[in-house]
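The structure appears right after this line, and notes come after that.
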Amino acid sequence: MNENSLKNSASPYLRSAAHQPIDWCEWGEGAFARAQSEDKPILLDIGAVWCHWCHVIDRESYENPEIAKVINEHFVPVKVDRDERPDVDSRYQSAISAISGQGGWPLTGFLMPDGKPFFGGTYFPPEDQQGRPGFRRVLLAVADAYKNKRADLERTAESLSEAVAKAEVFAGARADFDPGVVDTQISAITQLFDIRNGGFGTAPKFPHASAIDLILERYRQTGEKHLLAMAESTLEKMAKGGVYDQLAGGFHRYSVDERWLVPHFEKMSYDNSELLKNYLHGWQVTKNPLLRNTAEGIIGWVNDLLSDQQGGGFYASQDADYSLDDDGDYFTWTLDELRAALPKDEARIMELYFDVEAHGEMHHNPAKNVLWIARDAAEIARTLGLEESSVRLTIAGAKRKMLQARLPRPTPFIDKTMYVSWNAMFASAYLAAGRVLTGELAAASREFALKTMDRMLKEAWNEEQGFAHRIGGPALRGSLDDQIFSVLALLDAYEATLDPKYFRAAQRTIDLTIEKYGDAAGGGFFDRASDAPPMGGLEVRRKPFQDSPTPGTNSAAIMALMRLHAYTDDRRYYDCAKKTLDAFAGIAAQYGLFAATYGLAAVLFSEHPTQVVIIGPTGDAAAQHLEEAAHGIFRLGKAVLKVTPESSLENLPAALRQTIPHLPKDKAIAVVCSGTTCLPPVGDADELKRLLEKGIAGTAAG
């Protein structure tokens, strides 16, 4: 058949299926109406453009004319991009996981015509193999059951929908918030720590950005050396592993082994934004140059490939593969490829540095090696009888040559869709880089983040609905993620500039979020607005809590509310934050590692955000030293606001402006405030560092 209806989709993932001999529908009322009128079950396929196994099932089954004929005859097929419709994906992941015991992508669901699921799984091979039923057999069995056992399927669908509805709103989770939950979480995270390889748990290994930040924050409070060792070794092992792109920068999605060696090669915006924050925070705490270099490497890759440098905005992802016959071939190297790219002496050094051998780590092509740092320059120098400084220079130059040799290879697809929530997360990370790093990279990161925020406000925000889900393309209604991560980014932009437009937009957005997404009775927030159009299918109300794969949005909302309360002294924000903490207090401890953002929110709620207000003329050296000192300290919820004669105290929020004491105007000073208390002003950078390191501000605020 010719192209199907997906050819006009805004989603690259859906458009990639336009040539398939299947009469695909996009998610929406039309698909349900067709299923009802034709009295057919719905075959739901949820995937993503970066997902390797989604492409495999496309080629093996959805491009197979015989399987396509079965689908077209017996089902109404619906294809969904999980990045475009996270609300659809999250609900059906929950339902299919309850049926099959596993989730992930591709997600293959079988639904009644009203959208309620009764069966499903993830990847199905086209024919029976290794104990897994073949897709053809599954399709025919489901079609037969729909025809001959309809009542059974309807009962299953109804009970499953009820179970999902109950689970997704966390019934019975409400309790009085106990700050001791952080102790329980730190203990659980510590027990999962892999002392040999860094990270948490066993293979496959994912980065857990919120857990790393929680460990660093607890170390700042207590000085317990084992916590610092956990965080620093995890960041080091990831940075030296194959999960990090050693030539271009940026992290792949996860490692299939416990050593961070062989990754799944897709690179996601949301992973790299949160890891960038981790490495910046790690650099603040440890001054370990590897952590700073890794942060700079992430920024370099994003600037080159994952952003619209001219217009502002961050792209969604880079695919793992450039074809279905490829498994990371763009990123991996044979020994011959390395030797062809470098002179003989340099090649020998890089073979040792990256552990490149004739037999590599990739199963589909044993000659292919994943690049990871196996030996440092000192060890290589001893092995080869060279000067360490010479080896360091060779490594730096050879990496540039290898990157140039890699560029002509077929390049994995980049999804240039710009999702608002992920853009907000990256804007926050770039603003953090602007604070923590120095020189041109810091200034450029800050400037690009602000350009992105301005574009988001212009193209994806309005006074009545807050933020949409996508910048550009057909309108997509925003979700809770889009609102909350944007509020956090707007506050970061305000703190960087003292431009009131960012603060006003943040406050308006949080007010809309409380009104449209908040659960006034039970506390917390639903992922879809109360006035959102019907989703279809699993019309269950859902409160996102778990950190998977992005920070849990209800926990992030608590942090946004506390930051706004600190600036406004508006009791509504404090009460809403407390009610949200209470909404999950009964279950937060058992989620442990997977609710670390809740732990961060608990810390911020208990300690109160800290504001460091620096007052001094533009270009004043003393004021600059105070600003650098304030930015150099990692402290959760710390804001640094630079007031100059041009910006004036009038640009500070009223509650903070009224708290600051009368100050001298003829010299640079810093005032540390928390809650409704400010400490006496200081003019010495070292003294300011001591105040922030000891946490005196939090103590003073009670």
Side-chain angles (χ1 to χ4, degrees), residues 50-56 102-105 122-123 130 189-209 211-212 229-268 270-272 274-275 278-279 290-291 294 297-298 317-321 326-335 337-338 350-376 379 412 547-549 593-594:
W50 45 263
C51 164
H52 174 77
W53 286 101
C54 300
H55 298 314
V56 172
Q102 62 181 134
W105 305 282
T122 52
Y123 164 77
Q130 297 176 343
I189 292 168
T190 302
Q191 287 174 9
L192 287 170
F193 177 63
D194 181 346
I195 197 165
R196 179 189 293 270
N197 302 299
F200 309 98
T202 56
K205 244 187 197 160
F206 289 81
H208 291 276
I212 293 170
M230 282 168 57
E232 187 171 15
S233 69
T234 296
L235 292 171
E236 282 186 339
K237 297 281 189 181
M238 287 196 298
K240 291 180 178 179
V243 76
Y244 180 71
D245 184 344
Q246 298 295 336
L247 298 182
F251 281 89
H252 303 294
R253 193 162 69 97
Y254 69 94
S255 172
V256 301
D257 60 278
E258 70 280 356
R259 296 170 58 199
W260 303 107
L261 198 60
V262 179
H264 252 228
F265 288 94
E266 61 270 12
K267 292 181 180 179
M268 306 303 300
Y270 57 73
D271 286 327
N272 280 281
E274 302 315 282
L275 283 166
N278 278 163
Y279 280 90
L290 173 63
L291 307 190
T294 306
I298 295 172
S317 62
Q318 182 177 22
D319 206 338
D321 317 309
D326 157 39
D327 187 4
D329 287 356
Y330 177 76
F331 301 100
T332 53
W333 292 73
T334 66
L335 185 58
E337 285 171 338
L338 183 143
M350 299 311 286
E351 288 167 30
L352 293 171
Y353 184 67
F354 283 139
D355 193 40
V356 176
E357 298 177 340
H359 193 281
E361 297 87 3
M362 301 303 294
H363 296 302
H364 81 294
N365 184 350
K368 280 281 195 174
N369 291 258
V370 179
L371 302 186
W372 62 287
I373 300 175
R375 300 168 184 84
D376 62 18
E379 183 180 347
D547 296 344
S548 176
L593 175 71
F594 299 97

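Index from 1, following the sequence. Just the heavy atoms: all of them, side chains too, but no hydrogens, waters or symmetry mates, feed the values below.
- Of all heavy-atom pairs between Gly242 and Pro263, the closest is O-CG, 3.4 Å.
- One finds the OH atom of Tyr279 at 13.5 Å from the CD atom of Glu274 (value rounded to the nearest 0.5 Å).
- A salt bridge is defined here as a Lys NZ or Arg NE, NH1 or NH2 lying under 4.0 Å from an Asp or Glu carboxylate O, and Asp194 with Lys237 fails to meet this definition.
- Pairing each heavy atom of Asp319 with each of His55, the nearest pair is OD2-NE2, 3.5 Å.
- Asp326 and Asp321 make their closest contact through OD2-CA, 2.9 Å (heavy atoms, listed as atom of the first residue, atom of the second, distance).
- The side-chain heavy atoms of Leu371 and Val356, taken from C-beta on, include a pair separated by under 4.5 Å.
- Lys368 is listed as a side-chain neighbour of Glu337, based on a closest heavy-atom distance under 4.5 Å.
- Looking only at side-chain heavy atoms (C-beta outward), Met238 and Thr294 stay at 4.5 Å or farther from each other.
- Listed here is the closest heavy atom pair of Ser255 and Trp260: OG-CA, 3.3 Å.
- Atom CG in Asn369 sits 8.5 Å away from atom CG in Leu338 (nearest 0.5 Å).
- For the atom pair Asn272 CG and Asn278 CG, the distance stands at 11.0 Å (nearest 0.5 Å).
- Among all heavy-atom pairs drawn from Leu261 and Glu361, the shortest one is CD2-CG, 4.2 Å.
- Distance check, rounded to the nearest 0.5 Å: CD1 of Ile373 to CZ of Phe354 gives 6.5 Å.
- In terms of heavy atoms, Leu352 sits closest to Ala374 at O-CB, 3.9 Å.
- Note that CH2 of Trp50 and CH2 of Trp105 are 4.5 Å apart. Values are rounded to the nearest 0.5 Å.
- Between Glu379 and Asp376 the shortest side-chain heavy-atom distance falls below 4.5 Å.
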- Query: Taking it one step at a time, do Asp327 and His363 satisfy side-chain hydrogen bond (donor to acceptor under 3.5 Å, both in side chains)?
  - Reply: CA-CA 9 Å; Asp327 187 4; His363 296 302; over 6 Å; no

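- With contacts defined as side-chain heavy-atom distances shorter than 4.5 Å, the pair His264/Val256 qualifies.
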Tabulate below the donor-acceptor pairs under 3.5 Å that side-chain atoms of residues 243-253 make, not counting sequence neighbours, or state none.
| from | atom 1 | to | atom 2 | distance (Å) |
| --- | --- | --- | --- | --- |
| Asp245 | OD1 | Leu247 | N | 3.1 |
| Asp245 | OD1 | Ala248 | N | 3.2 |
| Asp245 | OD1 | Arg406 | NH1 | 3.0 |
| Asp245 | OD2 | Lys267 | NZ | 2.8 |
| Asp245 | OD2 | Arg406 | NH1 | 3.4 |
| Asp245 | OD2 | Arg406 | NH2 | 3.0 |
| Gln246 | NE2 | Ala239 | O | 2.9 |
| Gln246 | NE2 | Lys240 | O | 3.4 |
| Gln246 | NE2 | Gly241 | O | 2.9 |
| His252 | ND1 | Phe265 | O | 2.7 |
| Arg253 | NE | Glu266 | OE2 | 2.7 |
| Arg253 | NH2 | Glu266 | OE2 | 3.3 |

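- The aromatic rings of Trp53 and Tyr123 lie tilted to each other, with the angle between the two planes from 30° to 60°.
- Looking at heavy atoms from C-beta onward, His208 lies out of side-chain contact with Ile189 at the 4.5 angstrom threshold.
- Judged purely by atom type and a 3.5 angstrom limit, Asp355 has no side-chain atom pairing as donor or acceptor with the backbone of Glu351.
- Put simply, CD1 on Ile212 and OG1 on Thr234 are 5.5 Å apart, with the number rounded to the nearest 0.5 Å.
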